[in-house]
Amino acid sequence: MFKKDPTTIQEQIQKLKVRGLIITPEDNAEHYLSHISYYRLGEYWHSMQHDREQHLFKENSRFSDVVALYSFDRELRILLFDVIEKIEISLRTKLIYHLSHEVDPWWFQNFDLFTDSMALVKTLSNLEEELSRSKDPTIKNHRKKHKDDLRFPTAWKSLEQTSFGALSKLYGNLKNTVKSKDKIAKKYGAVNHTFLPSWLQSIAQIRNYCAHHSRLWNRNLPGAPKLLPKPPNPWIVKTENIPKQHEFQKLYVHLCLMKYLLNTVQPGSTFTSKLDALFQKYPNVDPDALGMKPNWQEEPLWK
């Protein structure tokens, strides 16, 4: 059987020093390791090791740089969570409004509107679970007032309780014949239903990373968003700055899609300046780890 004994914080510090990580008294390593686990911080010093099997560090690797990377990543997640919140609320609003007018307020449980019935069953099952746990007085009062109506509460009540991931799945699962699917895409400058579902799916995944405090820095991200060949709204002018397919695992392309949507949701947002300031605040962070392009902030998309 696998056996691994726990180590004290002092033993952890000594182990890192023996492996070549520079730790000074000013680094306050004991404090950090008592509040941020060794395993979590290890995700940030992993790239500093020249021998991954023996866990030996490259020359001049410093604990202070590990903490800086961790802090950068934390602030990046907070920034992106704020951006994604705005996109999520906008998407929820548009889905509720356009589909309720095109069909009816219970469109989201109408199987005739969706391509994948099994996926819809799963979405509705999760929604029912959310509603059953909800303490929202709107839901409680609705169920009390309409005991004999076994349907979900109307879209503007029910879908306020569900996640961004569920909203993106509902949108992507709509049949292409549903007029609102194209209408919503056009509102966001995504032209038609072909492109927007993959954007929402990738953003929903990043939202989950942010919500669970997972690392974004230097992470290979899943998903392959489809890029518009000729975006109607400001995009990236320099061809070499447009992310290529093999670069989609890096964060940059997803940041670009968030900014593209945000330019519709909140024109004149401060996302660009805040993101740029974050890189300035942590100069030891390598922008290449996120797939950032040279002078990215000068592109029309980011202005």
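Note: hydrogens, waters and symmetry copies are ignored here, and every other heavy atom, side chains too, is used.
- Salt bridge annotation for Glu299-Lys303: absent, with no cationic side-chain nitrogen under 4.0 angstrom from a carboxylate oxygen.
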*Tell me, with the steps shown, if Val178 and Phe114 meet side chain to side chain contact (heavy atoms under 4.5 Å, CB included).*
CA-CA 9 Å; Val178 178; Phe114 296 90; over 6 Å; no

*Verdict with reasoning, Tyr97 to Trp156, per ring-ring contact (aromatic ring centres under 6.0 Å, His included)*: CA-CA 8 Å; Tyr97 182 83; Trp156 48 86; over 10 Å; no

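- Between Thr123 and Lys169, the closest heavy-atom pair is OG1-CB, 4.4 Å.
- In the hydrophobic cluster analysis, where Ile, Leu, Val, Met, Phe, Trp and Tyr join through side-chain heavy atoms closer than 4.5 angstrom, Leu21 is grouped together with Ile9.
- In this structure, Lys94 forms a cation-pi arrangement with Tyr188, its terminal cationic atom sitting closer than 6.0 Å to the ring centre and no more than 45° off the ring axis.
- With values rounded to the nearest 0.5 angstrom, Lys4 atom NZ is found 6.0 Å from Phe2 atom CZ.
- Enclosure of atom CD in Glu240 by more than 12 non-hydrogen atoms of other residues, nucleotides or ligands within 6.0 angstrom is indicated.
- Once rounded to the nearest 0.5 Å, the distance linking SG of Cys210 with CZ of Arg74 reads 12.5 Å.
- Between Trp45 and Tyr38, the ring planes are perpendicular. Angles over 60° get that label, and only those under 30° would be called parallel.
- Residue Arg19 qualifies as enclosed at atom CZ: its count of foreign heavy atoms under 6.0 Å is above 12.
- With rounding to the nearest 0.5 Å, the separation of CZ in Phe271 from CG in Asp276 is 11.5 Å.
- Between the CG atom in Asp27 and the CD1 atom in Ile22 there is a gap of 9.5 Å [rounded to 0.5 Å].
- Closest non-hydrogen pair, Met292 versus Leu275, comes out as CE-CD2, 4.4 Å.
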*Going through the checks in order, is the salt bridge (Lys or Arg N to Asp or Glu O under 4.0 Å) test met by Arg133 and Glu128?*
CA-CA 9 Å; Arg133 290 200 307 258; Glu128 175 57 37; over 6 Å; no

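- Under the 4.5 Å side-chain criterion, counting only non-hydrogen atoms from C-beta, Pro243 is not in contact with Lys250.
- Salt bridge absent: Glu75 and Lys274 never bring a charged side-chain N and a carboxylate O closer than 4.0 Å.
- Annotation for Gln201: atom CD does not count as buried by contact number, only 12 or fewer foreign heavy atoms lying within 6.0 Å.
- Within 6.0 Å of the NZ atom in Lys179, the count of heavy atoms belonging to other residues, nucleotides or ligands does not exceed 12.
- Side-chain contact between Phe108 and Val103: absent, with no pair of heavy atoms (C-beta onward) separated by less than 4.5 Å.
- Residue Tyr260 comes nearest to Gly189 through the heavy atom pair OH-O, 2.6 Å, listed as atom of the first residue, atom of the second, then distance.
- A salt bridge links Asp82 with Lys86: the distance from a Lys NZ or Arg NE/NH1/NH2 to an Asp or Glu carboxylate oxygen falls below 4.0 Å.
- At least one side-chain heavy atom of Leu227 sits under 4.5 Å from a side-chain heavy atom of Leu257.
- Contact record, Pro222 with His254: O-CE1, 4.3 Å, taken as the closest heavy-atom pair.
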*Run the numbers on Leu251 and Trp217 for side chain to side chain contact (heavy atoms under 4.5 Å, CB included), then give the verdict.*
CA-CA 8 Å; Leu251 186 63; Trp217 172 83; over 6 Å; no

*asked:* Could you walk me through whether Thr8 and Gln10 satisfy the side-chain hydrogen bond (donor to acceptor under 3.5 Å, both in side chains) test, starting with their C-alpha distance in whole Å, then the side-chain angles of each, then the deciding distance to 0.1 Å, before giving a yes or no?
replied: CA-CA 5 Å; Thr8 66; Gln10 288 301 328; over 6 Å; no

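- The number of heavy-atom neighbours closer than 6.0 Å to OH of Tyr32, taken from other residues, nucleotides and ligands shown, is 12 or below.
- Neither Tyr39 nor Tyr70 shares a network with the other; the hydrophobic side chains, linked directly or stepwise wherever heavy atoms of I, L, V, M, F, W or Y lie under 4.5 Å apart, form separate groups for each.
- The number of heavy atoms from other shown groups lying within 6.0 Å of NE2 (His31) is above 12.
- Note on ring orientation: taking the six-membered ring where Trp is involved, the planes of Phe279 and Phe72 are tilted (angle from 30° to 60°).
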*Leu170 and Leu159: side chain to side chain contact (heavy atoms under 4.5 Å, CB included), yes or no, with the steps?*
CA-CA 10 Å; Leu170 278 174; Leu159 297 189; 4.0 Å; yes

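- With contacts defined as side-chain heavy-atom distances shorter than 4.5 Å, the pair Ile236/Trp296 does not qualify.
- Distance alone, capped at 3.5 Å, places no donor-acceptor pair between the Gln49 side chain and the Phe57 backbone.
- A salt bridge does not link Glu11 with Lys15: every distance from a Lys NZ or Arg NE/NH1/NH2 to an Asp or Glu carboxylate oxygen is 4.0 Å or more.
- Taking a cutoff of 4.0 Å between a charged side-chain nitrogen and a carboxylate oxygen, Lys3 and Asp5 qualify as a salt bridge.
- Rounded to the nearest 0.5 Å, atoms CH2 (Trp107) and NE2 (His98) are 11.5 Å apart.
- At a threshold of 4.5 Å between non-hydrogen side-chain atoms, the residues Trp106 and Ser158 do not count as touching.
- Counting heavy atoms from C-beta on, the side chains of Ile139 and Gln161 come closer than 4.5 Å.
- Looking only at atom types and distance, the side chain of Lys186 has no donor-acceptor partner in the side chain of Asn192 under 3.5 Å away.
- Distance check: Glu88 CD to Ser163 OG gives 7.5 Å after rounding to the nearest 0.5 Å.
- Hydrophobic clustering (ILVMFWY, side-chain heavy atoms < 4.5 Å, transitive): Val121 and Tyr171 are in one cluster.
- Put simply, Ile184 and Leu228 are part of the same group of oily side chains (I, L, V, M, F, W, Y) that touch within less than 4.5 Å, one to the next.
- The side-chain heavy atoms of Thr162 and Asn126, taken from C-beta on, include no pair separated by under 4.5 Å.
- A salt bridge does not link Glu43 to Arg40: none of the charged side-chain nitrogens sits closer than 4.0 Å to a carboxylate oxygen.
- Test Ile84, Leu91, Leu196 against Leu261 for side chain to side chain contact (heavy atoms under 4.5 Å, CB included) and you get one pass: Leu196.
- Gly291 approaches Tyr252 most closely through the heavy-atom pair O-CB, 3.2 Å.
- Electrostatic pairing of Arg77 and Asp73 counts as a salt bridge here, judged by a charged N lying under 4.0 Å from a carboxylate O.
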*Please step through side chain to side chain contact (heavy atoms under 4.5 Å, CB included) for the pair Asp136 and Lys157, ending with a clear verdict.*
CA-CA 10 Å; Asp136 191 312; Lys157 293 179 182 178; over 6 Å; no

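- Shortest non-hydrogen contact noted between Ile23 and Ala29 is CG2-CB, 3.7 Å.
- For the pairing with Val191, the side chain to side chain contact (heavy atoms under 4.5 Å, CB included) check across Pro229, Pro232, Pro231 returns one residue only, Pro232.
- Ion pair Lys135/Glu130 not flagged as a salt bridge, since none of the NZ, NE, NH1 or NH2 atoms sits closer than 4.0 Å to an Asp/Glu carboxylate oxygen.
- Neither Tyr209 nor Phe81 shares a network with the other; the hydrophobic side chains, linked directly or stepwise wherever heavy atoms of I, L, V, M, F, W or Y lie under 4.5 Å apart, form separate groups for each.
- Two residues are said to be in side-chain contact when any heavy atoms from C-beta on lie closer than 4.5 Å; Leu301 and Asn263 meet this criterion.
- In this structure, Lys244 places its NZ atom where more than 12 heavy-atom neighbours from other residues, nucleotides or ligands lie under 6.0 Å away.
- Remark: Glu30 CD is loosely packed, at most 12 non-hydrogen atoms of other residues, nucleotides or ligands lying under 6.0 Å away.
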